[in-house]
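A quick note: this is a predicted structure, and the numbers were derived from the prediction, not measured.
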Amino acid sequence: MNNSHAAQVIEQTKESYDEVWYVGYPFQQTHPDRLASLATLFGMQPAPVTKCRVLEIGCGDGANLLAMAYGLPESEFIGIDLAPKPLEYGNALAAELGLKNLDLRACDIMEIDASWGEFDYIIAHGFYSWVPEFVRKQLMLLCESLLAPQGVAYISYNAYPGNRVHQMMREMMTFHTRGISDPQVMVEQGVGLLQFINSKFTGNEQGEEAIYPLLLKREIDRLMSYRASQIYHDDFAPSNTSFYFYQFMDEANQHGLQYLAEADFFEMQDFIYPQPIREFLSQFDDEQIVIKEQYMDFLKCRQFRQTLLCRKTVELQREIQPQRIRGFYFSSPAKPVSAKLNLNEGEVEEFRGSKKSVLSTDYPLAKAALLYLGSIYPRSVGWDELVLTARRLLNSAGVHQLPDNNFFEEANTLAQIILAACGSGLVEFHIHQPNFVSEVSKYPAASRLARAQANRGSVVSSLTHKNVEQEDPIGQKLVQLLDGTRDLQQLADELVAFVLSESTIKKPDGSTPTEPEIRQIIQGGLATNLQKLARVALLEA
């Protein structure tokens, strides 16, 4: 591509993102804790999460890095993006919070060079598939030249074969909206076309006739869960390219990079498949992991990848011994399916978590450990605390245990089960423990970041690097008020005054409740709502 054409592409992209703001959120899978945890699991020695350098390419309004910088004040974060308007928003919020470790720059990726120094973690989320080839090559070149010796790069991208269907839908929408320049109209018309096509089906189609409407409905459901700005930038972008995994890795290998892992550890597991498939996949050793992963993409029809890369010079340890996980912290939202959990040996209990994760076990110590993790979530605990607390729970329940001299054997069995739970997505493992409180104090305080974000909108960042949406104005106001100076009575008084001034609560008949009725509603639900904020890691000391 010649320089003039490249400059034109860059300018069009800049104008597009200034015109339609792509509102950012924290992405937990990009956090240094996730990257360092996976690197450590596979034998690397990554930089400490609490003192590292992070570069994000295509950072938008900086929401992802803002949350990282707030929670990791001794680490350094640099984000670049072409569009200056979103960056102005991010920099204003950073200045309000007094963040000295965050630098958001309006910058072209082609301008980055060795003078920027080494980075322990490089992030490019929602970038690689949506830029021209010369920009993709520059990203790989930057990873090759700026990644620290034990550094980790995160790159997400659209993947084949799953994205074939989506590409078809995208081509339909772009054809239908040719000649339309208004972004809102473009999105409405594009999605409307898919809905119109889907309307021709009765739902009674059978066999081959049912395949097309099923595929179409899946894509429509996916699109309808996204914001209009996301559909516009993702689905109507001039560049929207998908890759087979082996193609992506061919490019990475040319730049001295190797495959480390997927950002979601459970995506790498093959235990979900029948025995003949597992036997087929087992023929590929550690040196052929790219081939194995490619076949797994074929099996699951993968649509999107979040791949971690490291330098080829790093010697990875692919075979994970259960003992290795003892250096991590663990968290899990696991809940037992049974209303009355039986901790005794031989009684199989099923635990479920988020993203349809599930694990069944009859091992008493594992059942007690999962029960404990679920009870303290989102707090994480180290291995020793997990084992000792699980043993105490069994003692309290009168469950027979092995003698203390068999403690190592018992803990080793638990490690195998916890590792399997990590592989299923039921349990998460961490290198770093974020700083938040899980109990509501007399004067509860939301993080300064969440309060500042609540002053600007309904979505705030948790201290575990997730986004939390306040579904109503009262919830948003509550977060704003949680500055640590108000007790529950004062919070209730201010919320009542807010409701009266805004008339945000209506009776079924459309009338406004009286002040005593409003106070009863507010006071009745305040403690519960504060507990909910604690359970999503929004409160700090």
- Does atom CD of E279 have more than 12 heavy-atom neighbours from other groups under 6.0 Å away? yes
- Face-on cation placement of R318 at F42 ring, 6.0 Å and 45° thresholds: yes
- Query: Do L41 and F265 have side chains that get closer than 4.5 Å, going by heavy atoms?
  - Reply: yes
- Message: Could you tell me if the side chain of E144 sits less than 4.5 Å from the side chain of L141, heavy atoms only?
- Response: yes
- Query: More than 12 heavy atoms of other residues, nucleotides or ligands under 6.0 Å from CD of Q283: is that the case?
  - Reply: yes
- Answer yes or no: is there an ion pair linking E219 with R222, defined by an N-O contact shorter than 4.0 Å? yes
- Message: Are there over 12 heavy-atom neighbours, none belonging to Q45, within less than 6.0 Å of that residue's CD?
- Response: no
- Honestly, is R305 close enough over F248, meaning NZ or CZ under 6.0 Å from the six-membered ring centre and within 45° of the axis? no
- Query: Do R311 and M44 come close enough that some side-chain heavy atom pair is under 4.5 Å?
  - Reply: no
- Query: What closest approach, in Å, do A153 and C143 show between heavy atoms, and which atom pair accounts for it?
  - Reply: CB-SG, 3.8 Å
- Is it true that E267 and K300 make a salt bridge, defined as a side-chain N closer than 4.0 Å to a carboxylate O? yes
- Item | Over 12 foreign heavy atoms within 6.0 Å of CG, N198 | yes
- Query: Will you find, in the side chains of E428 and S332, an N or O donor that is under 3.5 Å from an N or O acceptor?
  - Reply: no
- N/O donor-acceptor pair under 3.5 Å between D81 side chain and G60 backbone: yes
- Would you indicate whether K217, at its atom NZ, is surrounded by more than 12 heavy atoms from other residues, nucleotides or ligands within a distance under 6.0 Å? no
- Message: Regarding E96 and R448, does a basic nitrogen lie under 4.0 Å from an acidic carboxylate oxygen?
- Response: no
- Got more than 12 heavy atoms from elsewhere within 6.0 Å of CZ, R352? no
- Hey, are S331 and H430 close enough side-chain-wise for a donor-acceptor pair under 3.5 Å? yes
- Heavy-atom side-chain proximity of Y160 to D297 below 4.5 angstrom: no
- Decide, yes or no, whether a salt bridge links R53 with E118 under the criterion of side-chain N to carboxylate O below 4.0 Å. no
- Message: Which heavy atom of Y259 sits nearest to which heavy atom of L316, and what is that distance?
- Response: O-CD1, 3.5 Å
- E319 versus Q321, side-chain donor and acceptor atoms under 3.5 Å: yes
- If you measure only the distance, is there a donor-acceptor pair under 3.5 Å linking the side chains of R278 and Q275? yes
- Message: So, applying side chain to side chain contact (heavy atoms under 4.5 Å, CB included) with Y295, which one of V290, D270, L281 is it?
- Response: L281
- 4.5 Å side-chain heavy-atom contact, N158 and W130: yes
- Could you verify whether a donor N or O on one side chain and an acceptor N or O on the other, from N64 and H31, lie under 3.5 Å apart? no
- Are D234 and R170 close enough for a salt bridge, meaning some N to O gap below 4.0 Å? no
- Query: Under a 4.5 Å cut-off applied to non-hydrogen side-chain atoms, are V427 and C422 in contact?
  - Reply: yes
- Are the aromatic ring centres of F280 and Y273 under 6.0 angstrom apart? no
- Message: Looking at F175, I want to see if its CZ is surrounded by more than 12 non-hydrogen atoms of other residues, nucleotides or ligands under 6.0 Å.
- Response: no
- Query: Is it true that atom CD of Q247 has more than 12 heavy atoms of other residues, nucleotides or ligands lying nearer than 6.0 Å?
  - Reply: yes
